[in-house]
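To start, the structure itself, in structure tokens.
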Amino acid sequence: MRYVAFVLACLLLTSCKPGIAYRMPTEGMLPTIGTNDLCTANPMAYSVGEVKRFDLVVFRPNQEQRDKFRDEGLLYLMRVVGMPKEKLEIKDNVVYINDKFLEEPYPKFLDGLDKKKDFGPVTIPENEYFFLGDNRPNSEDSRFWAKPTIHRDSVVSKIVSIEKDFYKGQ
């Protein structure tokens with residue numbers, strides 16, 4: 001306990017922002033996160049708190065995705081939309097949770113979405129989550145995976161800040 005208190009005190013005293021930096025290599029999270037933005041993630045966020053709907057998280061994709069890209073270290077960054085034990089369905093680009101319209105309080109792109117505008121219904125298993133990109137026409141998210149959910153153990157960290165255009169011109 002003393003060690004934890006000491007580490008926390010050091011972090012506060014040095015004004016250090018704990019976290020890991022990520023760069024989004026695709027346009028799958030536009031307009032929230034662009035390819036020139038720097039995302040800072042807190043790898044300790046879920047050791048003390050719960051994953052919540054609409055959190056932006058970094059996670060290890062399922063084996064299907066790792067095999068596709070031949071990358072065991074592959075990490076994804078997406079938005080949590082479906083929670084454990086919920087029934088999720090997408091009809092004409094609108095998300096429904098347990099047969100009720102889901103208000104998504106963040107900007108997203110839907111224009112040009114001619115594939116996968118309908119999905120499900122699927123019941124999300126216990127301790128698993130359903131992910132969507134904010135740029136739905138250009139996001140290879142849960143709608144496209146053979147197993148559309150990711151287990152809680154695969155969630156690596158929570159995005160806590162986004163610095164816009166950090167990499168622009170570099």
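Only this structure's heavy atoms are used, side chains among them; waters, hydrogens and symmetry mates stay out.
- With rounding to the nearest 0.5 Å, the separation of NZ in Lys91 from CG in Asp118 is 9.0 Å.
- Results of the ring-ring contact (aromatic ring centres under 6.0 Å, His included) test with Phe131 over Phe59, Phe54, Tyr76 single out Phe59 as the only residue that passes.
- Residues Lys164 and Asp37 are paired through a salt bridge, judged by an N-O separation under 4.0 Å between the basic side chain and the carboxylate.
- Residues passing the side chain to side chain donor-acceptor pair (under 3.5 Å) test with Asp134 are Thr32, Arg79, sequence neighbours excluded.
- Summarising the geometry, atom CG belonging to Asp141 is positioned 4.5 Å from atom CG belonging to Leu132; distances are rounded to the nearest 0.5 Å.
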Q: Starting from the C-alpha separation in whole Å, work towards a yes-or-no answer on side chain to side chain contact (heavy atoms under 4.5 Å, CB included) for Met29 and Leu56.
A: CA-CA 10 Å; Met29 285 303 295; Leu56 295 172; 3.4 Å; yes
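- Contact detail for Leu88 and Val81: the closest heavy-atom pair is CD1-CG1, 4.3 Å.
- Both Ile97 and Tyr106 are members of a single hydrophobic cluster when ILVMFWY side chains are connected at heavy-atom separations under 4.5 Å.
- Put simply, the side chain of Ser157 does not reach to within 4.5 Å of the side chain of Tyr46, judged on heavy atoms.
- At least one side-chain heavy atom of Arg143 sits under 4.5 Å from a side-chain heavy atom of Ile90.
- In this structure, Trp145 and Ile150 have side chains that are in contact, with non-hydrogen atoms separated by less than 4.5 Å.
- With respect to Glu104 and Arg53, no salt bridge is recorded, no charged nitrogen being found less than 4.0 Å from a carboxylate O.
- For Asn42 (side chain) and Met44 (main-chain N/O), a donor-acceptor pair under 3.5 Å exists by modelled atom type.
- For the pair Met24 and Asn36, the minimum side-chain heavy-atom distance is 4.5 Å or more.
- When side chains are defined from C-beta on, Lys85 does not count as touching Thr123, because their heavy atoms never get closer than 4.5 Å.
- Between Phe109 and Pro137, the closest heavy-atom pair is O-CD, 3.2 Å.
- Closest non-hydrogen pair, Glu89 versus Pro121, comes out as OE2-CD, 3.7 Å.
- Through direct or indirect side-chain contacts shorter than 4.5 Å among Ile, Leu, Val, Met, Phe, Trp and Tyr, Val94 is connected to Tyr96, Phe101.
- In this structure, the separation between CE on Met83 and CG on Asn127 is 10.5 Å, given to the nearest 0.5 Å.
- No side-chain heavy atom of Met78 sits less than 4.5 Å from a side-chain heavy atom of Glu140.
- Side-chain atoms of Val95 and Phe119, non-hydrogen and from C-beta on, never get closer than 4.5 Å to each other.
- When the shell of 6.0 Å around NZ of Lys52 is examined, it contains 12 or fewer heavy atoms from other residues, nucleotides or ligands.
- Counting heavy atoms from C-beta on, the side chains of Val156 and Leu75 come closer than 4.5 Å.
- We find the CD-CZ distance between Glu50 and Arg152 to be 7.0 Å, quoted to the nearest 0.5 Å.
- Here NZ of Lys147 is found 9.0 Å from OG of Ser142. Values are rounded to the nearest 0.5 Å.
- A donor-acceptor contact shorter than 3.5 Å links the side chain of Asn135 to the backbone of Glu27.
- Arg136 places no side-chain N or O within 3.5 Å of a backbone atom of Lys108 that could act as its donor or acceptor partner.
- When the options Thr26, Leu77, Leu38 are evaluated for a side-chain contact (heavy atoms from CB on, under 4.5 Å) with Ile33, the one that passes is Leu77.
- In this structure, the separation between SG on Cys39 and OH on Tyr22 is 10.0 Å, given to the nearest 0.5 Å.
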